[in-house]
Amino acid sequence: MMRMHTLYHRLTLFSFSSPLSLLPLAPPLHLTLRRRTTANFSSMSTSRLRHIAPLAAISTEDGTGGASNGSVSSSSTADASNDYEVLGVGYRVPPPEIRDIVDAPPVPALSFSPFRDKIIFLKRRSLPPLTELARPEEKLAGLRIDGHCNSRSRMSFYTGLGIHQILPDGTFGPEVEIHGLPEGAKINFVTWSPDARHLSFSIRVNEEDNNTSKLSVWIADVETGKARPLFQSPDVYLNAVFDNYVWVDNSTLLVCTIPSTRGPPPKKPLVPGGPKIQSNEQRNIIQVRTFQDLLKDEYDEDLFDYYATSQLVLASLDGTTKDFGPPAIYTSLDPSPDEKYIMIDSMHRPYSFTVPCGRFPKKVELWTADGKFVRELCDLPLAEDIPITSNSVRKGMRSINWRADKPSTLYWVETQDGGDAKVEVSPRDIIYSQPAEPLEGEQPVILHKLDLRYGGISWCDDSLALVYESWYKTRRVKTWVVSPGSEDVPPRILFDRSSEDVYSDPGSPMSRRTQAGTYIIAKIKKEGDDGRYVLLNGSGATPEGNVPFLDLFDINTGNKERIWESDKEKYFETVVALMSDQEEGDLQLDRLKILTSKESKTENTQYNFVSWPDKKIVQVTNFPHPYPQLASLQKEMIRYQRKDGVQLTATLYLPPGYNPSTDGPLPCLVWSYPGEFKSKDAASQVRGSPNEFAGIGSTSALLWLAKRFAILSGPTIPIIGEGEQEANDSYVEQLVASAEAAVEEVIRRGVAHPKKIAVGGHSYGAFMTANLLAHAPHLFSCGIARSGAYNRTLTPFGFQNEDRTLWEATNTYVEMSPFMSANKIKKPILLIHGEEDNNSGTLTMQSDRFFTALKGHGALCRLVILPYESHGYSARESIMHVLWETGRWLHKYCVSNTADAGEDQDIGTVKENISKGVTDAESKVVAASGGGSKEACDLEHEQSHSLPRKIT
């Protein structure tokens, strides 16, 4: 027996493989306009977003750290005499105290078996080398495709798999390593068979070879660890552009393969057959967001067909195979719970040059599990005309799924408003249900009618299902209790609340696994009690921070009993999963077993089993601290007030050993991201916990704690639009007011030097940064803006949560755009952008043109374009260079603050300037604010129309 810490050392991040010599590495492009230089500067590093690894991928580089062509160099200091030389030298790296944190080896990802008796350690490496990103890719229909692998490009991977038995005392048996793989195998799409006796996964090996770089499907015996190819023929390859494969039963998989008759890819004509023409002579109204990587011509259409078309193959573990249906672009494979049917989604022509493939014509069909066509469920036309208004959807059948509690019953939703959220109609959505093979003349049954937009269903049985609906404009969310098998039992509302009111969130029902492999609401049996109980797992938001809980909830009466709650004083704990759902039927409360996570400000996440009735705790992991050099960092959740009375929150981090009374104020980096709300009360609520572990990603602002910075992380920047008011109509005023309150608070506490406060952000946070430098220059010494959009006229059909067009809200678009205020930006601003940014709205051109506008007005600015990088940065060379650039900027214009060398204001003067601030902004924000917030999720990452979120 052994515990996890004797096996591996750390939880990991995405990574790739050893460097490949494919293309020469291009250094980042530097464009700088300097007004003055400083005597010296020390190189530092900046922020990294936290990554969660999917089961389908992961990777890293070898010990060379990706410096494959010798162009990566390190510099911690430089003086004015060699400043220009240093700035022109290839890729740079930050100093060791930053670099060591980023390069720390990742820990494995974890996956439990269907019966909770085994666990896989999915081993992975850290950051990929730039050679991985430099591989050729096709940009088609909103996708990026690696033609050599016939999969999505830039796919990370696992490097090994280790299986452990979970013993009764919570410890693990010896590792069974999956063996028999080719040397250097890169593993993806790891899946348990329904009976947990086998694992399926794909591997690829030599990515320089057109054949061995393609993905092949492998099978491993869980008991012995022996792995082998699924197909006897070595020439059968996986097509992983869309779905890849599914287990149909315990011994059979349905696999998307590259058609064996496929030849070489189509060649682009040297001379086009004619001009590129798009027409709207029918005068259709088609408004779309700023999508990227769209099809451009007939050649692109042919290329998309070439890479996306699959031949489905039924493959048994005994080696027998059978073609399943004709070749087509299959996008989803979904077996029924009883394993008798397979629902198959595909897309077909006519394609579009206006929208990505998610809106192409879509066909949904039913087939038997042995490959016989049953019926067509729907064939939806091209959907170019989905309105940009929030909660607008596609016409026709949507969200077609199997009922998780039935052998083979389908359900779906159909809109009654034509998909247009601006149309007032009741009901707005209708949920239908029907058997896979209905009797002749048998019509679909109406399960429920909704006046808001459908948000999902949690199934339990014929007596219980929970139906969710929501409306973004009002933030209203409703949960209905329905009895699917009893038409005489009317639906009733269980919860009706605001999605922004986190204090009233009752939690979500916990699910259990069925013998069919589906997940349904777990019903709990309490001894001596006939009540109908479920478990509600909640975040437990309070004014003091989140205190997660598990409630025993009576569906009939609404009564609840708190059976578990996180520690409040030191730790932050959450319920991860049920571990006692191996048997069918209701779960006994006195035999309940759950998996929980536990962490503190300074202790990284560990996992525990908690077992009833005595709630015995068994710790099952003991991962070491990922960055011991910052183990004693100081963290505090602080609260303060905006001028209009809105309560704001931020997390203040201070370096280990820092004492403000003896060490004095520090340089400070403020890193944030605005959010929208419908009410002041909701905007004022506290989100997050003061006891959460400080996770530091590869570009995290917290890296600067190692360079003795104070970090104000995530100060709430609520943009509030109460009632009929539009939040963005007072965006600038509310943005400045929130920033003023944050800066005044860190100065009041004595932890931040008033002349040495920098501001930064990524994507919409970069947009925020540029606006603050334009409209609140009295607050910050400099700014760092990564992958932002700065000119809203380039996103004329909406952005973020704004669903009015440029022509409907011209003043708002113009006033919000820092590009239009480039002449006002006098403080130093560092712009960083990936050269291949494919995020909706944040084209690389946004930073290019903003830099040109700044330079045209003599602003002190610098633009760094990262070759091959997209919206987020992943290659080690790129990340290290971003950190070096940030470190240089912070040292030169924050620590040294040469941009304002002539000013000599004391703290009192700065406070006075803040209190004066922008008086017009203060008066406007008091009148215009109102509140409610979505979490700071980057809505500009969405490549297709946004649907309401389902609470699961």
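Values in this document were obtained by computation on a predicted structure and should not be read as measured data.
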Practice problem: State which residues pass ring pair (Phe, Tyr, Trp, His ring centres under 6.0 Å) with Trp402; sequence neighbours excluded, sorted by chain then number. | Solution: none

Quiz item: For Thr842 and Tyr764, does a side-chain donor sit closer than 3.5 Å to a side-chain acceptor?
Solution: no

Quiz prompt | For Asp334, side-chain hydrogen bond (donor to acceptor under 3.5 Å, both in side chains) partners two or more places apart | solution = none

List the atom pairs, donor and acceptor, that lie under 3.5 Å between side-chain atoms in residues 813-823 and the rest of the protein, sequence neighbours left out.
residue	atom	partner	partner atom	Å
Tyr813	OH	Pro796	O	3.3
Tyr813	OH	Gly798	N	3.0
Tyr813	OH	Arg804	O	2.5
Ser817	OG	Arg792	N	2.9
Ser817	OG	Tyr813	O	2.6

Quiz item: Hey, does the Lys NZ or Arg CZ of Arg349 hover above the aromatic six-ring of Phe360, less than 6.0 Å from the centre and inside 45° of the axis?
Solution: no

Quiz item: Below 6.0 angstrom between ring centroids: does that apply to Trp807 and Phe797?
Solution: yes

Self-check item: Pair Gln734, Ser730: side-chain N/O donor-acceptor within cut-off below 3.5 Å
Solution: yes

Quiz item: Who pairs with Asp837 by salt bridge (Lys or Arg N to Asp or Glu O under 4.0 Å), at least two apart in sequence or on another chain?
Solution: none

Quiz item: Does a donor on one side chain and an acceptor on the other come within less than 3.5 Å for Tyr351 and Asp305?
Solution: yes

Exercise. With sequence neighbours excluded, tell me which residues meet side-chain hydrogen bond (donor to acceptor under 3.5 Å, both in side chains) with Asp300.
Key: Lys296

Practice problem: Under the side-chain hydrogen bond (donor to acceptor under 3.5 Å, both in side chains) rule, collect the residues that match up with Glu298, sequence neighbours excluded. | Solution: none

Quiz prompt | Residues in ring pair (Phe, Tyr, Trp, His ring centres under 6.0 Å) contact with Tyr731, at least two apart in sequence or another chain | solution = Phe767

Quiz item: Is a side-chain donor-acceptor pair under 3.5 Å present for Asp848 with His833?
Solution: no

Self-check item: Residues forming a salt bridge (Lys or Arg N to Asp or Glu O under 4.0 Å) with Arg849, sequence neighbours excluded
Solution: none

Quiz item: Residues two or more places apart in sequence or in another chain: which of them pass salt bridge (Lys or Arg N to Asp or Glu O under 4.0 Å) with Glu808?
Solution: Lys422

Exercise. With sequence neighbours left out, write down each residue that passes side chain to side chain contact (heavy atoms under 4.5 Å, CB included) with Thr331, or none if nothing qualifies.
Key: Phe242, Ile329, Asp345, Met347

Quiz prompt | Under 3.5 Å side-chain donor-acceptor pair for Glu885 and His881 | solution = yes

Practice problem: Report the residues that fulfil ring pair (Phe, Tyr, Trp, His ring centres under 6.0 Å) with Tyr299, sequence neighbours left out, ordered by chain and then residue number. | Solution: none

Quiz prompt | Residue pair Ser870 / Glu836, side-chain donor-acceptor N/O under 3.5 Å | solution = no

Self-check item: side-chain hydrogen bond (donor to acceptor under 3.5 Å, both in side chains) partners for Thr793, two or more places apart
Solution: Asn791

Self-check item: Donor-acceptor side-chain pairing of Asn239 and Thr257 below 3.5 angstrom
Solution: no

